[in-house]
Each structure stands twice: as C-alpha cells, then as structure tokens.
Amino acid sequence: MKAAAYMKLSSSARYTVQVFFLSALVSSVLTIAQTPPQRHDWPSPGQLFVGTCYQPVDRTPEQIHKDIAIMKRAGFNVVRIGDLSWDSFEPSKGKFEFDWFDKIMDEMHTNGIRVILDIPGLPAPIWLHRAYPGVDLVSQNGTRLPPAERYMDDISDPDYAREASILADAITTRYAHHPAVIAIGYDNEIGNGFMSYSEADRQRFIAWLKKKYGTIDALNRAWATQRWSRRLNSFDDVDLPLREGPGPPERYLDLQRYWSDVTVARLQELDAIRRRNMPNIPAISNLWDTASRKGFDYLGTYKTYVSYGAEGFYPGDPIGGAFGAIMTKGDLPTPIWFNEFTAGGPGYYGTPGRSRMYAYLGLIMGAQGVLAWTFNSHQGGEEQALFGLLDHDNTPSWKVDEFALIATEFKELAGYGLPRYTHPQVAIAYSFDSSIASSPNGPSNTTLAYFKPAYAEQVRGAFEPLFRANIDTAIINIGHDSLTPYKLVIVPADYVMDPASAKAIRDYVQAGGTVVMTAFSAKVDEHGQWFDSPLPGRLNDVFGLKTNAFYNVDQPLTFEVDGQSIGSEVYRYEVLEPSTATVLSRFSNTPDRTPALTVNRFGKGTAIYLATESKASVIGPVLEHFYGSLGIELGPRTPAGVYAKVVDGRTLYVNTSTQDQSISIEGSTQGIITHRDYNGFVNLKPEEVDLVPATHPATR
C-alpha cells in the first residue's frame with residue numbers, strides 16, 4: 001500500500017492494515033530465525049571482547065579523540081554506541097545528521113575497536129512527541145504525562161512505530177558496510193517502558209482482544225465476567241485494566257500480554273530491517289524483559305529478534321547474577337553478551353577486583369563480551385551520580401586499569417577454548433504468564449495471599465543448587481523450546497499451565513524424559529482461572545496424583561532423602577493423594593505423615609512431584625538423589641562461593657567469596673592466569689581466579 005493511500009485511512013483501518021502486515025512479518029521471522037546459526041562473519045569461537053558503553057553526545061570532538069586513545073591503550077576491542085541518542089541522529093523529522101557519527105565510527109575502526117551500533121528507538125525525541133501527541137503517555141486517571149524521563153513513550157502508537165522504523169532504516173542503510181560494525185542493538189532496555197491509557201490505546205487493546213478471542217462470549221468466559229456483575233455486552237464495553245489495581249486477575253494477565261506483544265512487535269520490526277539492510281550482522285541487544293514497569297515475554301519470543309542473548313549485568317550476588325544471565329541465553333547456541341557490565345553504579349564508585357571476578361564468572365556461564373557501563377561519568381541528567389571508568393574531571397580511574405587487565409587476560413585466554421559453548425543437561429521452566437498471574441494487581445486478589453514466595457524467587461531456588469554444583473543449566477519456556485536435549489526438566493511453581501506447556505511435559509515424559517515439578521504448579525489455565533479438574537491441571541495423570549489441600553506447620557518441614565534428614569526451611573506443604581504414583585518420602589512433622597515426594601512412571605519416563613515450594617534447601621537434595629540414575633555429569637567439586645567449569649580439559653576456577661579458598665586436586669600443576677604452582681590444592685585468594693591445566697578433581 002502506498003503511503004498516501006495509507007494516510008487517508010481511518011485510525012482503526014490503519015491498525016487493521018498494521019495487524020495484517022505484522023502477522024505476515026512475524027510468520028516470516030519465525031520461519032527464518034528459529035535457530036540462529038553460527039556464521040563465519042559473526043563473533044565466533046576463539047574470540048573474546050572487552051570494552052565499554054560510550055555516549056559521545058556528551059563529549060566534544062577533542063574529548064572523543066582522547067577517549068578513543070584511552071580505550072585503545074586499555075586494549076578494548078569493542079564499544080557500544082548510539083543508544084539513547086535519537087535526536088542526535090535526527091534532530092527534526094526527516095532531517096538526518098550522520099557526519100559527526102561517521103567520524104567516530106571511522107576513528108573506532110582505525111584504532112581496532114569494533115562497534116555494537118544501537119538503534120536508539122527509545123527514548124523518542126521531543127519533536128516526535130510534539131508532532132504526534134499520540135506518543136505521549138496517558139496515566140490511569142486520564143492525565144497526559146510529558147516525556148519527563150527516558151522511556152516515557154507510547155510505543156504502541158502507529159506514528160511512533162513508523163518513525164522508529166524510518167530511523168532504523170536510515171541508520172542500518174548508512175552503516176550497512178562499515179567495517180567497524182560487529183552487531184546491531186535495539187531500543188535500549190525496551191522492557192522498562194510504561195503503559196498508556198489513552199482512548200487510542202483502549203481501541204488498540206480491543207483490536208488485540210478481538211483477534212485473540214473472536215467473540216464477546218469467548219472473552220466473557222476467559223475473563224470470568226459473571227463474577228460480581230462484570231459482564232460485557234460488546235467489545236465497546238472493554239476498559240483498559242488498571243496496571244496499579246484494583247481489578248480481576250484474568251484482565252490483568254491479558255493487559256500484560258498485550259503490552260508484551262506490542263514490545264515484541266517493535267523488536268520484530270527492527271529485526272526485519274536489520275535482515276534486509278545488514279543480513280550478515282547479528283542482533284545483540286540490551287533488553288530488559290523482567291523490568292517491573294512492564295516487561296515482556298522474552299523466552300516465548302526471543303528467537304524472532306535475538307542472535308546472541310545479551311543484558312545489563314549488575315549482580316547483587318553471584319547466583320542472582322548468573323540466574324539473570326542464563327535466562328537471557330535460553331537455548332540459543334550462541335554465547336552471552338553483557339552489553340552493560342558492572343563497573344561502578346548509582347551511588348557506588350566500585351570495588352577493586354570485583355569487576356574482574358565477575359568477568360570470569362561470566363566466562364564460566366558462557367559469556368563472550370563484557371562492556372563496562374559506562375566510560376565517562378555523566379555530569380548531568382538522572383545518572384550523574386553513577387560512576388564510570390573516567391571520573392567527572394575526565395581523569396581515568398583505577399577502573400580503566402582493571403578493565404585493561406581483563407582485556408589483556410581475555411586476549412590470551414581466547415586461545416584456550418573460550419568463549420565456552422555450553423551444552424546444558426538440565427532445563428528449568430520459566431513462564432512470563434506464571435510470573436504475571438502469580439502476582440496480579442492488588443489489593444483484592446487472593447492470589448497475593450496464596451502464592452508465596454514470589455515466582456522468580458522459586459525459579460531461582462531451583463537454579464541455585466545446580467549452579468552451586470557447577471552443572472550447566474538452561475532456563476527456557478517449555479511451551480516454546482524443545483525439551484528433547486535435556487536429561488532432566490524442572491518445573492518450579494509454574495502457576496499457569498497452558499496447553500502447549502502441558503503437552504510438552506506430557507510428550508517429554510511419555511518419550512522417556514524425567515520431570516520434577518514443585519508445589520504451586522499447574523493451578524490455573526491459560527486465562528488465569530483455576531482448573532475445575534484434579535490438580536495439577538492437565539497433568540494429574542502424568543504425575544499420578546491429585547493435590548488440592550495445602551496447610552502450614554509451626555516448625556520447618558522435614559523429610560528424608562537417601563536416609564538423610566532434610567531441614568527444609570519452609571512451612572507450607574500440599575497434601576498429595578497418589579493414584580499411580582509411588583511415595584518416595586514422607587514429611588515427618590505433618591498430620592498423617594503426608595507424602596513429600598512422589599515418583600510416577602508415565603509412558604517411558606518419570607514424573608516427580610515435590611509437595612513444597614521450590615527453595616534451594618529443599619529441592620537441592622531432591623535433585624541430587626536423581627543425578628546418578630539420570631546420567632547427569634557433575635561439574636568440578638568446589639567449596640561454597642567457588643565456581644568452576646572445565647574448558648578444553650582445563651578447569652577455570654572463580655572464587656567469588658571474601659575468604660581464601662582451597663580446592664583439592666590430584667598431582668601438581670601450574671595456573672595459567674596466576675602462574676602459581678599447585679600441589680594437591682588450588683589456593684585462591686578472595687575474588688581470585690585461575691585456569692588450571694587438566695587434573696582429576698576430588699571425588700564427591
């Protein structure tokens with residue numbers, strides 16, 4: 001359709017055209033991008049990257065020249081630029097200015113520094129808000145909100161989507177063949193945006209509902225509108241559900257899904273432009289799918305716009321940091337990138353040695369690139385007290401030297417089988433829908449009293465013992481990614497059990513797989529309504545039991561596994577009523593010593609149910625019980641706080657603790673990083689690392 005004809009259509013007709021073309025686009029993307037290939041012109045095995053995020057819009061030409069010289073001396077081989085800078089490329093509608101950026105790109109190339117070029121679709125410039133008021137946010141009470149802070153843009157607005165695509169097309173066309181470009185990034189932290197409540201937003205939400213449900217009767221059933229006189233007589237009766245409550249959970253779930261689809265649509269549109277203009281350049285984007293403001297369903301959609309999983313890495317602790325990083329990878333064959341990497345932070349100058357330690361922890365997880373946030377400390381704006389590699393007076397801090405050391409060491413280590421390409425034996429289920437439905441808008445929703453602790457905390461509880469045991473693990477959406485590569489699938493507190501996920505579990509177990517499911521799982525259907533069939537819904541026959549009742553005890557639950565008493569540190573349990581399942585263990589302090597752990601043979605496989613929340617202290621011993629029978633290979637044995645993985649016959653050790661640590665080995669050897677001689681033990685100081693040539697770790 002020509003632009004002139006398109007602009008004559010009504011808003012609703014334009015939206016219909018957009019939906020049609022978006023559906024075709026998504027279908028095309030899904031066909032092309034299901035499995036990102038390993039390509040010779042992408043970052044590849046034997047390449048590690050260390051660099052920084054850089055915003056030259058803050059700097060004069062003289063400062064930029066000095067900055068790049070500092071980067072080169074530090075041995076940086078990659079930089080991320082372009083993000084958050086739309087009006088620097090397009091200061092007014094249709095007027096593009098690239099000469100200033102050309103010079104920076106050319107100088108980066110001259111100095112051997114590759115570029116992740118971020119398309120700055122967020123935030124939108126002021127001129128776009130003035131030209132198209134529909135890009136302005138509208139609050140729940142109907143108040144227009146000015147774009148006072150970054151990401152205060154209504155990305156569902158058609159004018160925004162069009163202008164963002166025009167910008168992306170201009171940038172990717174301009175730099176399609178620039179030798180510095182190593183990757184493209186999309187819309188920095190796009191999941192951290194805001195919902196909007198204009199009438200146009202309501203109409204777009206209604207169009208989404210019509211496509212999803214077809215009829216008002218189907219919508220009424222999905223939303224349980226018979227409850228408390230909320231019945232809808234037509235789609236015109238639909239209001240936008242309130243993000244900040246109150247409201248019923250079914251509508252809240254669809255509200256979050258709608259905004260997720262909007263976000264994903266913008267990413268898919270940008271990736272279509274990349275594939276058209278820069279087909280040999282991968283997408284490595286700094287996304288934020290778990291942002292509390294809005295978020296989006298990354299693991300249900302990522303293969304349609306991601307080549308390498310990437311994120312901003314600001315760990316509060318090693319396990320939490322690893323959990324988030326592994327989630328960005330999903331089951332992609334490509335390594336992880338940290339497009340923003342901890343250096344300093346808001347009100348935090350940094351601690352010597354901390355960034356280096358976490359860079360090596362990243363290598364253990366399968367990381368390929370670390371880019372410090374940020375190069376120069378900002379003198380203005382919201383992040384003026386976030387401290388980068390250069391101090392506010394432009395003096396290089398000790399952090400430049402630390403990242404230079406990382407760059408030097410990574411250059412050498414690239415010849416030792418790094419980046420590490422992982423082959424997980426275990427998968428953990430993670431669902432955007434379960435995350436949303438288990439924590440609906442308040443205050444009247446009784447789910448808030450029922451589902452504790454939070455969903456992400458319970459998924460992390462399943463991840464923690466695996467990470468501590470140095471076992472490679474994938475975190476995936478089991479309704480979208482194949483389960484066949486895995487010896488074990490863990491389903492922790494998966495509250496929503498949609499048909500696709502239920503079928504994946506059923507088929508996997510039937511074919512011989514092993515699944516461990518925990519309490520709180522499979523309680524509601526894809527609409528967020530409780531099943532009217534025996535629980536776990538859609539899977540009670542697979543697990544060979546029924547579980548409806550649940551209770552609390554006064555003392556922490558205890559049970560035995562392999563003759564060892566497990567102190568669970570949890571107080572709530574479900575009452576399991578086995579049909580075909582066998583009781584493997586019973587609680588010692590519940591009435592009637594109800595089952596704690598059951599095992600059911602279903603088809604050729606095994607379905608295991610744990611009657612408590614997914615907490616590391618509970619699920620860890622349960623998983624250990626099954627490692628041997630499932631042939632799961634344990635990682636190197638390490639004390640608490642030390643993590644290790646074998647890389648091409650050598651073992652990379654990372655001491656994340658604040659104490660000296662000793663790891664038992666057999667024989668004598670010399671560390672490749674420390675050049676320290678070891679005999680019987682690898683001795684590491686706090687936050688110290690080493691790559692140790694092949695030895696035989698002590699038996700567990």
Side-chain angles (χ1 to χ4, degrees), residues 34-35 297 299-303 326-327 329-333 422-434 458-459 462-463 465-466 471-526 531 533-547 576 578-582 584 597-610 614 619 622-623 625-633:
Q34 280 300 312
T35 305
D297 186 5
L299 286 178
T301 60
Y302 65 122
K303 292 180 182 176
I326 296 299
M327 192 181 299
K329 181 176 174 60
D331 74 348
L332 291 171
T422 62
H423 301 283
Q425 306 170 74
V426 182
I428 299 176
Y430 182 90
S431 161
F432 175 80
D433 285 357
S434 286
Q458 295 202 53
V459 180
F463 173 78
L466 292 158
I471 297 172
D472 280 336
T473 305
I475 301 175
I476 63 173
N477 184 312
I478 59 175
H480 290 266
D481 290 333
S482 172
L483 304 185
T484 55
Y486 306 106
K487 297 176 180 179
L488 173 65
V489 173
I490 307 170
V491 184
D494 204 356
Y495 189 56
V496 176
M497 188 52 59
D498 60 90
S501 296
K503 184 178 186 302
I505 292 172
R506 180 179 297 275
D507 292 348
Y508 174 72
V509 176
Q510 184 103 44
T514 299
V515 170
V516 174
M517 179 181 279
T518 74
F520 296 104
S521 294
K523 298 299 187 274
V524 301
D525 66 13
E526 64 274 20
F531 287 107
S533 59
L535 301 175
R538 294 194 167 110
L539 294 169
N540 72 294
D541 61 326
V542 175
F543 288 87
L545 56 80
K546 170 183 174 181
T547 173
L576 306 186
S579 52
T580 58
T582 300
L584 184 63
L597 190 66
T598 60
V599 179
N600 190 54
R601 293 291 298 175
F602 184 82
K604 299 178 181 179
T606 305
I608 301 155
Y609 198 96
L610 176 63
S614 176
I619 196 170
V622 171
L623 298 178
H625 173 79
F626 293 100
Y627 289 156
S629 62
L630 295 175
I632 293 174
E633 298 177 9

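Residue numbers count from 1 along this sequence.
- Annotation: side chain of Leu483 is in contact with side chain of Ile476 (closest heavy-atom distance under 4.5 Å).
- Minimum heavy-atom separation, Pro492 to Ala429: CD-O, 3.7 Å.
- Residues Leu466 and Ile490 are in side-chain contact: their nearest non-hydrogen atoms beyond the backbone lie under 4.5 Å apart.
- Partners of Ser482 according to the side-chain contact (heavy atoms from CB on, under 4.5 Å) rule, which considers only residues two or more places apart in sequence or in another chain, are Thr484, Pro485.
- For Phe463, the ring pair (Phe, Tyr, Trp, His ring centres under 6.0 Å) test picks out Phe323, Phe467, with sequence neighbours left out.
- Judged purely by atom type and a 3.5 angstrom limit, Thr422 has no side-chain atom pairing as donor or acceptor with the backbone of Pro424.
- Listed for the Thr547 side chain is no donor-acceptor partner under 3.5 Å among the backbone atoms of Leu535.
- For Asp433 against Val496, the heavy-atom pair with the smallest separation is O-CG2, 3.7 Å.
- We find the NZ-OG distance between Lys546 and Ser579 to be 10.5 Å, quoted to the nearest 0.5 Å.
- Tyr609 and Asn540 share no side-chain donor-acceptor pair at under 3.5 Å.
- Note that the OG atom of Ser501 and the CG atom of Asn477 stand 5.5 Å from one another [nearest 0.5 Å].
- Here ring pair (Phe, Tyr, Trp, His ring centres under 6.0 Å) pairs that include residues 485-510, with residues two or more places apart or in two chains, are Phe451-Tyr495.
- Rounded to the nearest 0.5 angstrom, Phe531 CZ and Leu539 CG are separated by 8.0 Å.
- Residues meeting the salt bridge (Lys or Arg N to Asp or Glu O under 4.0 Å) test with Asp297, sequence neighbours left out: none.
- In this structure, CG in Asp494 is found 5.0 Å from OG in Ser431, a value given to the nearest 0.5 Å.
- Annotation: side chain of Thr606 is not in contact with side chain of Phe626 (no heavy-atom distance under 4.5 Å).
- Using a 4.5 Å heavy-atom cutoff, the side chains of Tyr430 and Ile326 are not in contact.
- Of all heavy-atom pairs spanning Ala502 and Met497, the tightest one is N-SD, 3.5 Å.
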Query raised in the report: Given the rule in the side chain to side chain contact (heavy atoms under 4.5 Å, CB included) test, do Val515 and Phe543 qualify, once you have shown the distances and angles that lead to the verdict?
Result: CA-CA 9 Å; Val515 170; Phe543 288 87; 3.9 Å; yes
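- Between Asp331 and Lys303 there is a side-chain heavy-atom pair separated by less than 4.5 Å.
- Separating the CD1 atom in Ile608 from the NE2 atom in His625 is a distance of 7.5 Å, to the nearest 0.5 Å.
- The minimum heavy-atom distance linking Ala474 with Gly330 is given by the pair CB-O, 3.9 Å.
- The closest side-chain heavy-atom distance from Asn600 to Val542 is not below 4.5 Å.
- With sequence neighbours excluded, no residue forms a salt bridge (Lys or Arg N to Asp or Glu O under 4.0 Å) with Asp498.
- Arg506 places a side-chain N or O within 3.5 Å of a backbone atom of Arg538 that can act as its donor or acceptor partner.
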Query - Phe602/Ile505 under side chain to side chain contact (heavy atoms under 4.5 Å, CB included): CA gap, chis, key distance, verdict - result: CA-CA 11 Å; Phe602 184 82; Ile505 292 172; over 6 Å; no
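- Residues Ile632 and Leu623 are not in side-chain contact: their nearest non-hydrogen atoms beyond the backbone lie 4.5 Å or more apart.
- In terms of heavy-atom proximity, Ser533 sits nearest to Gly537 at OG-CA, 4.3 Å.
- Listed by chain and residue number, Glu574 satisfy the salt bridge (Lys or Arg N to Asp or Glu O under 4.0 Å) test with Lys523 (two or more places apart in sequence, or in another chain).
- Atom CG in Leu299 sits 11.5 Å away from atom CD1 in Ile478 (nearest 0.5 Å).
- Remark: side-chain polar atoms of Thr518 are paired, donor with acceptor, to backbone N or O of Ala493 under 3.5 angstrom.
- Side chain of Gln425 to main chain of Glu633: a donor-acceptor pair is present (N/O by atom type, distance under 3.5 Å, no hydrogens or angles).
- Using a 4.5 Å heavy-atom cutoff, the side chains of Met517 and Pro536 are in contact.
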